[in-house]
Amino acid sequence: MNIQQLKGIGEKTAALLSRLSVYTVKDLVGLYPRAYDVYEKPVFVQEAVEEHASEIVSIEAVVARNVEQYSTPRMKVLSTVVRDEQGTSLKCTWFNMPFLRSSLKPGAHYVFRGQLAKKKGSFVLEQPQMYTMAAYAQLQGRMQPIYPLTKGLSNKTVAKAVKQALEKYDTCLEKEYIPVDIRSAYQLAEHNFAVQRIHFPQSQELLRQAEYRLKFEELLGIQLAILSRRVTRTTAADGFFFPRVGEFFNGFYRTKLPFELTGAQKRVVKEIRADTVTGHQMNRLLQGDVGSGKTLVALMAMLLAADNGFQACMMVPTEILARQHFVSITKMVEGVGVRVAVLTGSTKKRERDGILEELASGGLHILIGTHALIEERVKFDNLGLVVIDEQHRFGVEQRARMWTKNSRPPHVLVMTATPIPRTLAMTLYGDLDVSVIDELPPGRKPILTRHLYDSQRMKLFGFLRSEIARGRQVYVVYPLIKESEKMDYKDLYDGFETMSREFPLPQYRLSVVHGKLPAEEKEEGMRAFREGTTQIMVATSVIEVGVDVPNATVMVIESAERFGLSQLHQLRGRVGRGGEQSYCILMSGDRLSREARARLDAMVETNDGFRLSELDLKLRGAGDIGGTQQSGTAFELKIASLAKDAAVVEYARRAAEEI
Ligand code: ADP
Ligand code: MG
């Protein structure tokens, strides 16, 4: 039913409502209040000024004086004094409401409800609404909805429209759709009852019941969708078979693997092998802290695909990372006979044409690349496995597009170093099987983290010199919130200048890398650092993910207060990759917000990615975890919060399984 069928909603209001994505009556009743205004029992003036200064208060009183009216250049002001039963007076003022004058005769008795403020040392009740005792008694205890609004749209208009809509909605629009046994098992109020109450609750308790029901149904919908996808996947018998362990896998494992796999890596490889012989599509999430050796596991899975006559690809979020994986993987499989290539947005046309041809003819076994892999023209001969590294950087849509690159869906392995709290994982990745690498390669020493203020910079330089003198290398990273912001580059270039002055040629050499550089210069900067030609890498957070230079032992993060926790942890993970003691130094300004301080303290205190991500969830809420893409494209939550409603997520999951 179109929204304009409601009385009082014309074209103009409809246009305003459309900005809130409200087009139909059903949308309107789905526009839940963001807060409630509660009509409390009136208080005396004394109590109001002592306990509710600068709040909205209701006071029962009589008008004690003739109204004064005066004008300022901007407005007309009415002012009077009211007195309550205890005999205490309070000044009241109204702006631009001259028509109230006639209601404000001395002796008139009302409940005055308005904002209490302190002006020039004395209290004033500003812009109070007036209610007769009877009218207020009707409202008292009620909660009035406060809606999300847009400019030009008043709360009153929305509330009125909702009230009207609810009368119709109750009879014609929505039937209860959660089965009665689930409703009684989880003590859920009825749908229509909850919708009525969420808009106009008569008490806190009813509001709580309504919220619980609506959160539950929202989360139940998501869980049902997730589980049905999973059922479809695990019952469809169209998964590729990888039964063979052949010359590629064995060649690598026996002759090239430079170290023993950790127990956790072995376990995950086994899990992947088991998944790929069931006849169903694998859809596995591999979680492992930074530096736990996920790339190696991915490589072995890709070799397994190649052994069985399939192609594999690995999609990563940045060009730098793609090239680095290409370099290290090419080196690791040298002489094994697998063909590997890298494809990014900046791959030159001639080279790209060659790669695409080899890909389509089946000559290429492994393709590493960025988002460029998703493009239509990238056609595989027989894609059997898709690996997605640092998957939190990709949207759900982007991941799904890779599924369509073969006539039957390829196996999928997504990897992340951003550990996800349980309730979030259940919702965001509920249809994935999860593997965890919970063990770091042997010989790693925990990274020591320190927090220094900008004023202690000399101390920092001294420390860097001593580390470099011992043959170590150093990252200095500047925040880059948006690639386009000039400010950020200014910080980077100023920083680079300071570093060049403090660490001059010929003794010291610096690389500088950021997102705006042409691909070759980026690669050149990375290569020089990887090969140890330069000792200091000055960079933006483009190096956040995946960069692997074991000889680098110091990570300096400038303006660390501007980074989120998971980003700080990712950056820290760039060091501590060799056997040497590594350090992470968080530089910040002297004045920090409470939240920023909490983040930096947490970093100093722990290296445990899971603990940090739990804390991150608490500090920021779920929407932001690991970037906004994943929650944004998957679904919008209207009322439930993955961060705050953990228990409801669990219930909804259980109910979905029962259904
Ligand atoms: P991440 O899980 O962060 O992607 P990487 O795959 O980049 O980690 O591995 C981090 C480093 O650890 C690399 O230098 C890699 O060669 C090394 N590595 C991986 N597995 C092992 C192992 N079993 N023993 C020793 N070093 C390992
Ligand atoms: Mg990695």
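Whatever order the structure lists them in is the order used to number ligands and atoms, beginning at 1.
- A donor-acceptor contact shorter than 3.5 Å is absent between the side chain of Glu467 and the backbone of Leu464.
- Judged by distance alone, the side chain of Lys405 and the main-chain N or O of Leu373 form a donor-acceptor pair under 3.5 Å.
- The closest approach between any non-hydrogen atom of Gly291 and ligand 1 is below 4.0 Å.
- Listed by atom number, the atoms of ligand 1 under 4.0 Å from Asp548 heavy atoms are 13 (C), 14 (O).
- The shortest N or O to N or O distance between Gly293 and ligand 1 is under 3.5 Å.
- If you number the atoms of ligand 1 from 1 as listed, the ones under 4.0 Å from a heavy atom of Glu260 come out as 22 (C), 23 (N), 24 (N).
- Under a 4.0 Å criterion applied to the non-hydrogen atoms of Thr262, ligand 1 contributes the atoms 23 (N).
- A donor-acceptor contact shorter than 3.5 Å links the side chain of Gln311 to the backbone of Leu364.
- Using a cut-off of 4.0 Å between Lys/Arg side-chain N and Asp/Glu carboxylate O, Arg339 and Glu358 are scored as salt-bridged.
- Ring centroid separation for the pair His514 and Tyr493 comes in under the 6.0 Å cut-off.
- Contact annotation: for Leu261 versus ligand 1, heavy atoms closer than 4.0 Å belong to the backbone alone.
- Counting heavy atoms under 4.0 Å from ligand 1, residue Arg577 touches it through the side chain alone.
- Residue contact check for ligand 1: Gly288 places no non-hydrogen atom closer than 4.0 Å to it.
- Between the side chain of Arg599 and the main chain of Glu561, a donor-acceptor pair closer than 3.5 Å is present.
- Geometric assessment of Arg465 against the ring of Phe503 yields a positive cation-pi assignment under the 6.0 Å and 45° thresholds.
- Only side-chain heavy atoms of Arg444 come within less than 4.0 Å of ligand 1; its backbone N, CA, C and O stay farther off.
- Using a 4.0 Å heavy-atom cutoff, Met415 is absent from the residues neighbouring ligand 1.
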